[in-house]
Amino acid sequence: MALYRDSTGKVDTAKKILKVNHAGEFGAINIYRSQIFVSRLLNRNLVPLLEEFLADEYRHLEIFWTEIQRRGGIKCKSYWLCGLGGWGLGLVSALLGKRGIMACTWAAGQLHEIL
Ligand SMILES: [Fe+2]
């Protein structure tokens with residue numbers, strides 16, 4: 001019994017991977033947006049670093065979106081959900097302070113390495 005089945009629909013696997021990664025980048029953007037929002041109030045010294053991370057995520061988002069468009073694709077259905085989840089994760093992690101922010105950033109970095 002196979003644990004994974006490829007799509008038999010119109011969308012191929014490469015397009016699916018691009019769409020999911022694109023949605024994940026949007027989630028990461030929203031993590032940093034909410035962390036920056038909270039850090040401006042609680043940890044101002046972290047804001048420049050978080051803004052650098054945010055700029056990286058915007059670049060990643062653009063790379064995936066360019067490839068999706070080149071293949072005639074559309075955004076993932078989970079795009080806005082990833083954004084909302086990312087914003088919530090960033091908010092909670094930032095309210096935990098610098099250690100919460102760094103733990104969240106480290107975990108996201110590990111996910112990048114896996115993917
Ligand atoms: Fe990224």
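Both backbone and side-chain heavy atoms feed into the values below; hydrogens, waters and symmetry mates do not. Atoms within a ligand are numbered from 1 in the order they appear, just like the ligands themselves.
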*Verify, without hydrogens or angle tests, whether K15 (side chain) and G73 (backbone) share a donor-acceptor contact under 3.5 angstrom.*
no
Which pairs of donor and acceptor atoms, one on a side chain in residues 76-86, lie under 3.5 Å apart (sequence neighbours left out)?
none

*Any N, O or S atom of E25 closer than 2.8 Å to the Fe ion (ligand 1)*: yes
*asked:* Assess, by modelled atom type and distance only, whether the side chains of H22 and E25 contain a donor and an acceptor separated by less than 3.5 Å.
replied: no
Side-chain donor-acceptor pairs of residues 40-49 under 3.5 Å, sequence neighbours excluded:
| unit_1 | atom_1 | unit_2 | atom_2 | d |
| --- | --- | --- | --- | --- |
| R40 | NH2 | E51 | OE2 | 2.9 |
| R44 | NE | R40 | O | 3.1 |

*asked:* So, of the N/O/S atoms that H60 has, which is the nearest one to the Fe ion (ligand 1)?
replied: ND1
*Looking at E57, which of its N, O or S atoms is the nearest one to the Fe ion (ligand 1)?*
OE1
